[in-house]
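By convention in this document, chain letters (A, B, ...) are assigned in the order of the sequence lines, proteins followed by strands, and residues within each chain are numbered from 1. What you see is a predicted model; the values in this text were computed from it and never measured. These values consider heavy atoms only, across backbone and side chains, with no hydrogens, waters or symmetry-generated copies.
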Protein chains: 4
Amino acid sequence: MNEFKIFVGGEFLTTDRPLKVINPYNGEIIGHTYLASSNELEKAIHRAQAVQKPMLDLPSFARYEALLKIAGLIKQERDEFARLLCLESAKPIRYALSEVDRAIQTFIVAAEESKRLPKEYIDLDWTQAGTGKEGLVKYFPIGLVAGISPFNFPLNLAAHKIAPAIASGCPIILKPSSTTPLSTLKLAQTISKTDLPKGAISVLPMDRETGNLLVTDQRFKLLTFTGSPEVGWKMKQDAGKKKIVLELGGNAAVIVTESAEIDLAAAKCVIGGFSYSGQVCIHAQRIYVQKEIFKVFSDKFIHAVKSLRVGDPLDSITDISAMIDETNAIRVEKWVNEAINEGASVLTGGLRKGSFYPPTVLTGTKSEMKVCALEVFGPVVTLEPYTSFKEVISLVNEGKFGLQAGVFTNDLKQVNQAFYQLEVGGVIINDVPTFRVDHMPYGGIKDSGFGREGVKYAIMEMMEPKILVKNR
Amino acid sequence: MNEFKIFVGGEFLTTDRPLKVINPYNGEIIGHTYLASSNELEKAIHRAQAVQKPMLDLPSFARYEALLKIAGLIKQERDEFARLLCLESAKPIRYALSEVDRAIQTFIVAAEESKRLPKEYIDLDWTQAGTGKEGLVKYFPIGLVAGISPFNFPLNLAAHKIAPAIASGCPIILKPSSTTPLSTLKLAQTISKTDLPKGAISVLPMDRETGNLLVTDQRFKLLTFTGSPEVGWKMKQDAGKKKIVLELGGNAAVIVTESAEIDLAAAKCVIGGFSYSGQVCIHAQRIYVQKEIFKVFSDKFIHAVKSLRVGDPLDSITDISAMIDETNAIRVEKWVNEAINEGASVLTGGLRKGSFYPPTVLTGTKSEMKVCALEVFGPVVTLEPYTSFKEVISLVNEGKFGLQAGVFTNDLKQVNQAFYQLEVGGVIINDVPTFRVDHMPYGGIKDSGFGREGVKYAIMEMMEPKILVKNR
Amino acid sequence: MNEFKIFVGGEFLTTDRPLKVINPYNGEIIGHTYLASSNELEKAIHRAQAVQKPMLDLPSFARYEALLKIAGLIKQERDEFARLLCLESAKPIRYALSEVDRAIQTFIVAAEESKRLPKEYIDLDWTQAGTGKEGLVKYFPIGLVAGISPFNFPLNLAAHKIAPAIASGCPIILKPSSTTPLSTLKLAQTISKTDLPKGAISVLPMDRETGNLLVTDQRFKLLTFTGSPEVGWKMKQDAGKKKIVLELGGNAAVIVTESAEIDLAAAKCVIGGFSYSGQVCIHAQRIYVQKEIFKVFSDKFIHAVKSLRVGDPLDSITDISAMIDETNAIRVEKWVNEAINEGASVLTGGLRKGSFYPPTVLTGTKSEMKVCALEVFGPVVTLEPYTSFKEVISLVNEGKFGLQAGVFTNDLKQVNQAFYQLEVGGVIINDVPTFRVDHMPYGGIKDSGFGREGVKYAIMEMMEPKILVKNR
Amino acid sequence: MNEFKIFVGGEFLTTDRPLKVINPYNGEIIGHTYLASSNELEKAIHRAQAVQKPMLDLPSFARYEALLKIAGLIKQERDEFARLLCLESAKPIRYALSEVDRAIQTFIVAAEESKRLPKEYIDLDWTQAGTGKEGLVKYFPIGLVAGISPFNFPLNLAAHKIAPAIASGCPIILKPSSTTPLSTLKLAQTISKTDLPKGAISVLPMDRETGNLLVTDQRFKLLTFTGSPEVGWKMKQDAGKKKIVLELGGNAAVIVTESAEIDLAAAKCVIGGFSYSGQVCIHAQRIYVQKEIFKVFSDKFIHAVKSLRVGDPLDSITDISAMIDETNAIRVEKWVNEAINEGASVLTGGLRKGSFYPPTVLTGTKSEMKVCALEVFGPVVTLEPYTSFKEVISLVNEGKFGLQAGVFTNDLKQVNQAFYQLEVGGVIINDVPTFRVDHMPYGGIKDSGFGREGVKYAIMEMMEPKILVKNR
C-alpha cells in the first residue's frame with residue numbers, strides 16, 4: 001500500500017496518526033498518509049518564518065526556474081498524477097488528466113508572473129507639496145500564508161495557492177482535504193526537488209481542530225480558503241488581523257437565448273452540469289432557456305444527458321462515476337426528493353446506489369427549493385423556461401450566491417446587459433459558467449467569495465505595496 | 001478690421017507679408033495676420049531650444065495648471081472662438097461651438113495626462129546576468145516639435161498638437177492653415193497668458209516654402225502633420241532623421257446591417273456624411289446597406305439629407321454652408337460628374353453655386369470612381385446595397401485608405417469580424433466613422449496615416465524612453 | 001450660534017439629540033449639530049441602496065463634473081472651511097488652510113480617476129481550452145460603503161473616503177468624529193449642491209453605539225475606518241462578511257544619517273514632530289541620528305523646537321496650540337513622566353496647562369517606554385543616537401507598528417536597504433515620515449493598517465472585478 | 001565542408017551564387033551558404049504575404065509554443081551554436097556561449113510576451129459626446145517585416161528581430177550579415193521544426209543591391225535594422241511609407257566617481273571595453289574617472305587589461321581574439337595612430353598583426369579625435385580624468401551619439417543627475433554601458449538610433465493599435 005509522508009517545512013515526516021485514503025468508487029484503500037498535529041504545524045511555521053527573508057531575496061529567475069521545474073516534473077509524471085487523482089476522488093480519468101494539465105499551466109503562469117510582479121513608478125509633484133519628488137511602488141510578500149484546499153480539485157486548487165505563494169515570495173502552509181490528500185502530497189514531492197529554501201512550502205493534512213489554527217494563529221498574515229460558504233464565512237470572523245481570501249461555491253446559472261447555437265449550448269451544458277458529478281464550484285446548476293426554444297433545447301439536452309457513460313473512473317470512456325462519499329450522495333438524494341415533493345418533475349434521473357448518484361435534470365422547480373437556492377454540489381441540474389431577457393436576469397440574480405454565469409447569445413445588447421446586470425464575478429458568453437482558464441481573475445461576489453484567484457490576482461492578494469518617496 | 005499678430009516664441013509680432021483671411025461664405029475679409037519668414041522661424045527655433053531644459057524641469061503641477069488655464073480661458077471666450085472659427089472656415093456655428101468644446105476638452109485631458117506620463121518600474125533579474133538589478137523607465141520629451149495643422153478643424157487639431165507638446169514638455173512650432181489661421185492665433189493669445197516658459201509655443205502662418213523648413217530642418221525632432229495624404233507621405237521622405245506622425249484622410253465607410261436600428265443609422269449617417277460639408281478626415285463617404293433594408297434605409301436617409309438647412313454659417317439653424325473655397329467645390333463637382341458619366345445615379349443633389357456644393361448622394365457607383373476611391377472631402381456620399389457581411393468587409397477594405405469605419409449591428413459575430421477584419425484604425429459600432437472623442441487613440445493605417453493622436457497617444461509619440469538600470 | 005444639520009441621504013435634518021462642538025483652545029462652544037439615531041441611519045441606508053443603480057449608471061463625465069464641482073466650491077470657501085477646522089480642532093490656521101487645499105486636491109484627483117477606473121482586456125487563449133476567447137475585466141462598485149473618519153483631519157480624511165466613493169460609484173454613509181463634525185458637515189452642504197443622486201452620500205455624527213451599526217450591519221459591503229489601532233482591529237473582527245480598510249496609527253521614525261543635509265533634516269523634523277501637536281498618524285515620533293552628527297543635529301533641532309510659536313490657532317503665526325482635549329494632554333503628560341522616571345531625559349519641554357502640552361523632546365529613552373512603543377499622538381518626540389545603519393533599521397522595525405519612515409541620506413545603498421528592510425508602508429527619502437500627497441498609496445502594515453488609501457488605491461478597495469469572457 | 005542552405009519562406013534552397021564563410025582568426029573556410037537574388041526574395045515575400053492571415057489567426061498558445069520550442073531546440077544544440085558563432089566571428093567561446101544563452105532567453109521572453117500583447121479597455125464617456133460608449137484597443141501585427149542584422153551578434157540580434165515578429169504575428173524576412181550568416185541559418189533550421197505557417201520566416205543572405213530592396217519595397221511595412229549609423233540613417237530616407245527602427249552604434253562612456261567601488265569598476269570596464277574586441281554597439285569606449293581616484297583606478301585597470309588572454313577563440317580561456325577582418329583592424333590602427341599624432345598617449349597597446357588588434361588604452365585624447373567622437377568598434381578605450389560631476393556629464397553628452405552610459409557611484413544626487421541629464425537611451429548605475437538584458441528597453445537617441453528593441457518594445461514597434469468603439 002502506498003505511503004505518502006507529510007511535508008513539513010522541507011522534510012517528509014510521519015506522525016502517530018495515520019490517515020487512510022479510500023477510493024470512493026469501490027471503497028478500497030488506495031494509500032495512507034498522516035494527520036499533522038500542532039507539533040508538526042509549529043515546526044512548519046518556524047521553518048516558514050525562517051525563510052521569509054531568503055524568499056524575499058530570491059532573484060526573480062530563481063522563483064521562475066523553481067516554478068517551471070515543478071511544472072516540468074508534473075508533466076513528466078502526468079499519468080501517475082492523474083491516476084492518483086482518479087483513485088482518491090473518483091474523478092473520471094479524462095477529467096483527471098485535464099486537471100493535471102491545468103495544474104501544469106498554473107505553475108507555468110506563476111513562473112511567468114513571478115518576473116512581472118506589480119510595480120509602479122509615479123510622479124508625486126502634482127501639487128507644490130510634492131515638488132521634486134517621485135515615487136516607486138513595489139509589492140512585497142505579505143508574509144506567511146495559510147492555505148486550505150478542497151477535495152474536488154485536489155491538485156489544481158492546491159496549485160492555485162502554492163504557485164502564487166512561490167511567485168510572490170510568501171512561505172505557505174497548505175492543508176489539503178483529508179479525503180484527497182495524496183495528489184497534493186505527490187505535488188509536495190515534486191516541490192522538494194527544487195532549490196527553493198527548505199521551509200517555504202509545507203503540506204499538512206490535519207483534523208479540523210488543528211486546521212483551525214491556520215485561521216486563528218496570528219503568525220499567518222493571509223488565509224486563503226477554497227471550500228464551502230458556511231465554513232469560509234465563519235473563518236473570516238475568526239481570522240483576527242490576518243487578510244482572508246475565500247473561494248466558495250454557488251448555484252451558477254446558464255441562460256440560453258433565442259439567438260444561441262442550440263447544439264453548442266446543449267453540449268456545453270452537459271459538461272457544465274455533470275462533469276465530476278457536479279462537484280465543481282462553478283457547476284452549471286440552473287439552466288434557463290428562452291421559452292420559444294425550450295423544447296428543442298430540452299430534447300437535445302436530455303438526450304445527451306441520458307447518453308452519459310457511467311462507470312469506473314479509471315476507464316477512459318467514463319463520463320460520470322461515484323460522488324466523493326455516500327453522505328453527499330444521500331444529501332443530494334434528499335434535496336431532489338424534497339423538490340419533487342414540492343412540485344418539481346424529473347426529466348431524467350434515477351436511483352442512488354451507494355455513493356453513486358445518477359445524472360438528474362429537474363424542471364418545474366421553485367427558487368426557494370434547495371436544488372435551486374443552495375449549492376447542490378452533485379449531478380443535479382434544473383431546467384426552466386423564461387420569457388424575457390430582463391426576467392431571466394432577475395432569476396439568475398435571485399438568491400445569495402454570485403460566482404459565474406453563462407449566456408448563450410449572439411445579441412450584442414444582451415451581452416452588455418448580462419455583463420452589467422448579472423451579480424457574479426464572471427459572465428461567460430457562449431459557454432457554461434463552468435468555464436475557467438487558470439490565468440483569468442476568478443472569484444465570486446455576494447456569498448460566493450471574497451477576493452480573487454487566478455494566478456496574477458492570487459499573487460496580488462499575497463502582496464503588500466510599499467512606496468519609496470525619493471527626490472528626482 | 002481684425003489684426004492677429006503671429007506668435008513667435010512668446011512674442012506677438014508682425015512681418016512685412018500680411019495675410020488676409022476671407023469668409024468662404026461671403027468672400028468678405030474678416031481679418032488679417034502675417035506670414036512668417038525664415039527669420040521669424042529661426043527666432044522661434046532659437047527660443048524653443050532655449051526653453052527645452054526649463055520645460056523638462058517643470059514640475060507636473062506647473063504643466064497641469066498651464067493646460068487647465070488655457071482650457072479655462074477658451075471656455076471664457078467660447079462664443080468668440082466659435083464665431084471666429086465660423087467666419088474663417090464657414091463652419092456652421094453649431095459645429096463651431098462643438099469644436100471649441102472639444103478643444104477645451106483636449107486641453108483638459110492633456111492637463112490630466114501631464115501628471116500621468118508613462119513610466120515603468122521593472123525587474124531586470126530574469127537571468128543570472130541581471131541579478132541584483134532593476135530598471136526605471138521614464139519617458140523624456142523628444143525635443144523640438146514641428147506641427148502642421150489643417151483648415152478643417154483649425155482650433156481643435158492645433159490643440160491636438162499643442163496640448164500634448166505642453167504635457168510632454170516639448171517646445172512646439174505650429175504652422176496653422178493659411179486659410180484659417182485666426183482661431184489658432186487666438187489660441188496663441190490664450191497660451192501667452194500662462195506661466196509657461198516663453199518660447200515653448202510658437203504659431204506661425206507660413207507659405208509653403210518656409211513651411212517646408214519644418215520638414216527639413218534637423219533641429220526638429222518630430223514633425224506632426226495633419227493634412228492630405230500626398231503632402232504627408234512626401235514629407236516622410238524629406239524628414240531626415242526626425243520622427244514623423246501623419247494624420248491623413250481616407251474614404252471612410254459605414255455598414256448598415258439587417259440588425260441595425262435604421263432610424264438611428266440614417267440620422268447618424270446624415271451627420272457623418274454632411275457635417276461641415278464633408279470636409280472632415282473621417283467623413284462618412286461610403287455607405288453600404290444590407291440589401292433587404294436598403295430601400296427603407298435609403299428613403300429615410302435621402303429624406304433627411306433633403307431636409308438639411310443650407311445657409312449662413314453664423315445662423316444657428318444652418319446645417320450646411322459653403323465649402324472652404326471654390327477650387328474645392330469645383331473639384332467635387334468634377335468628381336461627381338465623372339461618376340455620373342461612368343454610370344452612377346444621383347439620389348439627391350443639385351448644382352454648385354460658387355463655393356457652395358449641395359449635399360449629394362450617389363448610387364450605382366464603382367470602386368474605381370474618384371468619389372469612392374479618393375478622399376472626396378466634400379458633401380458627397382455614395383450609397384450602395386450589399387448582400388453578405390463577408391462581401392461588405394471586402395468592399396470596405398478595397399482601396400488604399402484605412403482610417404475608421406462604422407458598423408450598425410446588434411450581431412456579436414459581426415462585431416468581432418468587423419474588428420478583426422476591417423483594415424482601419426478604428427471600428428465604430430452603431431455609429432458613423434466620424435465618431436471621435438479626444439482622448440481615444442486616433443489615426444489610420446494603410447495610406448491614411450502613420451502614428452497616432454488622441455491626447456495620451458500623441459504625448460507618447462512626443463516622448464523617448466530612457467532606462468535607469470540600478471541596484472536593488 | 002452656528003447650527004449644522006446632519007446630512008441624511010440628501011436631506012439636511014435635525015434630531016432630538018443636539019451635539020455641542022467646542023473650541024479646544026478656549027473651551028467656547030462654536031456651534032452645534034445633532035447625533036443621528038438608528039432611525040436616521042436606517043433612512044440613510046435605504047436611500048443609499050435606492051441609488052446604487054443610478055450611481056452605477058452615471059457616465060464618467062457626470063461623476064467627474066460632480067467631483068470637480070465639489071473641489072471648486074470648497075476652493076470658493078477656502079477661508080471659511082479653514083476657520084471652521086481651526087475652531088473645532090485647534091489646528092493652527094496655517095495648517096488648516098493646508099488641509100483645505102489638500103481636500104480640494106483629493107476631490108480633483110478623484111474626479112480625474114473617475115474617468116480612469118481600472119479595466120483590463122486580456123487574451124484567454126493561453127491554452128487550447130481558451131481558444132477563440134478573450135476577456136474584459138471591469139471593476140464595479142462594491143456596494144454600500146460605511147466610512148468613519150477621525151478628529152485630526154476632519155475635512156481631508158473625510159474627503160479620502162467620500163471622493164473615492166463618488167468616483168467608484170458607491171453610496172457612502174460617513175460618521176465624522178463627534179469632536180470635530182462641523183467641517184465635514186460643511187463639506188456635505190457642498191456635496192448637496194451637485195447633481196449626484198440624492199442618497200449617495202450621508203454624513204451622520206453618531207454615538208458609539210449607533211456608529212457600531214456601521215460595523216455590524218451586513219448591508220454595508222465595505223467599512224473604511226481611520227482611527228486608533230485598538231478600535232480598528234476590533235472592528236475587523238466584528239465586520240461579518242464585509243470588506244474592511246483600516247488606516248491606523250503608529251510611532252513613525254526618522255533616520256538622520258551622516259550624509260544627510262542636517263539643516264534640512266532638522267527643519268523637517270520640527271514640522272514632522274510638532275505640526276498639529278503631533279496629533280497626526282504619521283507624526284515623526286522617533287528620531288534616530290547617526291552618532292557622529294548627533295550633537296550638531298540635536299543643537300539645531302532643539303533650538304528650532306524652542307522657537308515654535310505657541311498660541312491661538314486662529315493667529316497666522318501660531319505653530320502649535322492646544323491638543324484636542326485635556327484628557328489627551330493628561331495622557332501625554334503621564335507617558336512623558338513615566339519615561340523620565342524610567343531614565344529618559346528632557347531636552348526641551350515644560351508643564352502642561354489644561355489641554356495645552358508643550359513641545360517636548362526626550363532622549364535616553366528605551367524601546368519599551370510608551371513614548372517609544374505606542375502612538376503618542378501628542379507633541380512629544382524622542383531623539384536618540386545610533387551607530388550603524390543596520391542597527392538603526394532594527395530599531396525602527398522594533399515594535400508592532402509600520403506606517404511610514406523617513407530617511408535623510410545621500411547614500412544609494414542606504415536608500416535600497418531602507419526600502420527593502422524597513423517594515424512600513426512608505427519610506428520617505430530626505431523627508432519626514434509625515435510626508436503625504438493625496439494621490440500616493442498610503443497605509444501601514446503590521447498593526448498600523450489594513451488596505452490602502454490614496455485616491456486611486458482607495459477607489460480600488462471600493463471596487464470588485466467582474467470578467468466578461470467572450471468570443472473574439 | 002559545411003553547407004547551409006538559405007531559408008526561403010519555409011524551404012531550404014540553394015542559389016547559383018555561393019557565399020564562403022571564413023574564420024577571421026585563421027582565414028580558414030568554415031562553410032558556405034548562398035546569396036539570395038531578387039527571385040528568392042520575391043518568393044519569400046509572396047509566401048510571407050500568404051501567411052499574414054494565418055499568423056494573425058494563431059491563438060496565443062500556438063505562438064507561445066513555437067517560440068518556446070525554438071528556445072528549447074537552441075538549448076539542445078547550445079554547444080554547436082556557440083562553436084559556429086565562434087568560428088564565423090572569432091568571438092571567444094565563452095562569449096559565444098553567453099550569446100547563445102541570451103538568444104534562448106530572447107525566445108523565451110518573446111514566448112511569454114506573445115500571451116501579453118498590448119491591449120486596452122477604456123471609458124469613452126468623458127464628455128456627453130461619448131455617453132454610453134467604451135473602447136477596446138487591440139494591437140494588430142503591422143504587416144510584413146524586413147530585418148537586417150549585423151555580424152557582431154549574429155544569433156542574438158537576429159533573435160531580437162525574429163522572436164518579436166513571431167510573437168506579434170508578423171511575417172519577417174531577415175538578411176543576416178554576409179560575414180557571419182551561418183548561425184542565423186542554423187537558427188532557421190530550428191525555426192523550420194515548429195508548426196508556424198511556412199513562409200512566416202525567411203533568412204536570406206544578400207548582396208547590398210538585393211538587400212536594398214528590403215528598404216525600398218513598399219510591401220514591407222517595417223524595416224528593422226541593426227548596424228552602422230551611416231547606413232541606417234540613409235535607409236530612413238529611402239524607406240518610403242514604411243516604419244523604421246534603427247539600432248545603431250555610439251561611443252558609449254563610463255563615469256567612475258569618487259564614491260565608486262574601484263575594483264568593481266575596473267573589472268567591469270575591462271569587460272565593457274574589450275569583450276569581443278570592442279565590436280559591440282555598447283562598447284565602453286570612453287572612461288572618465290574622477291581625478292582624485294584616477295591614478296588608483298588607472299593602475300588597476302591597465303594591469304587587468306594587460307592580463308587579458310589573447311588567442312584562439314575556440315580556447316575556453318581566451319579573452320580576446322581577431323577582429324572581424326583586417327580592414328577593420330587597419331582602420332582601428334589608423335585611428336589610434338592619428339590620436340597619438342595629435343597628442344594622445346598609449347597606456348597599454350601594441351602592434352596590429354593582420355586582423356588582430358591588441359587591447360589598447362589611450363589617454364590625453366581630445367573630443368574631436370576619431371577614437372573619441374566616432375564609434376571605434378575595436379579594442380580601444382580612452383581613459384581620462386575629470387574634476388566635477390557637472391563637467392563629466394557635459395563630456396559624455398558631447399558629440400552626436402547617445403546609446404547608453406555607465407556611472408559608478410553611491411551618491412544619490414549623482415544618480416538623479418545622470419538619469420535626467422545624460423543624453424542616452426540607458427543609464428547604467430554601477431556597471432558599464434555594455435550592460436544589457438534582453439527584456440529591457442534598448443536603443444539610442446541622437447544619432448544612435450530610432451525606436452526601441454528589447455522584446456516587449458520590439459513587439460510594440462511591430463504592432464498597430466486598432467480601437468473598437470462599442471456601446472456599454
Top contributor to chain D interface from B:Lys466, B:Arg102, B:Lys470 [non-hydrogen pairs under 4.5 Å]: B:Lys466
D:Leu124, part contacting chain B, at a heavy-atom distance under 4.5 Å: both
Salt bridge D:Lys456-B:Glu120, side-chain N to carboxylate O under 4.0 Å: yes
Heavy-atom contact with chain B under 4.5 Å, split by part of D:Ile428: both
Per-residue contact mode, B:Phe450 against chain D (heavy atom under 4.5 angstrom): side chain
Stacked cation flag B:Lys133 on D:Phe435, 6.0 angstrom / 45 deg: yes
Contact class of D:Asn416 relative to chain B, heavy atoms under 4.5 angstrom: neither
Heavy-atom proximity to chain D below 4.5 Å, by part of B:Asp447: side chain
Which portion of D:Asp431 sits near chain B, non-hydrogen atoms under 4.5 angstrom: side chain
Under 4.5 Å from any heavy atom of chain B - which part of D:Leu56: side chain
Flag for D:Lys138-B:Tyr420: side-chain donor and acceptor within less than 3.5 Å: yes
Pairwise side-chain contact, B:Val437 with D:Trp126, heavy-atom cut-off 4.5 Å (strictly under): no
Sidechain-backbone polar pair: D:Lys236 side chain, B:Lys242 backbone, donor-acceptor under 3.5 Å: yes
Interatomic spacing from CD1 in D:Ile467 to CZ in B:Arg452 - rounded to 0.5 Å: 10.0 Å
Pairwise distance NZ(B:Lys446) to CD(D:Glu464) - rounded to 0.5 angstrom: 12.5 Å
Interface moiety of B:Leu468 toward chain D, non-hydrogen atoms closer than 4.5 Å: both
Largest heavy-atom contact set with chain D, pairs under 4.5 Å, which of B:Val407, B:Asp125, B:Leu422, B:Leu136: B:Leu422
Contact class of B:Lys243 relative to chain D, heavy atoms under 4.5 angstrom: both
Spatial distance of atom OG1 (D:Thr127) from atom CG (B:Asp101) [nearest 0.5 Å]: 9.0 Å
Between CD on residue B:Gln237 and NZ on residue D:Lys241, distance to nearest 0.5 Å: 9.0 Å
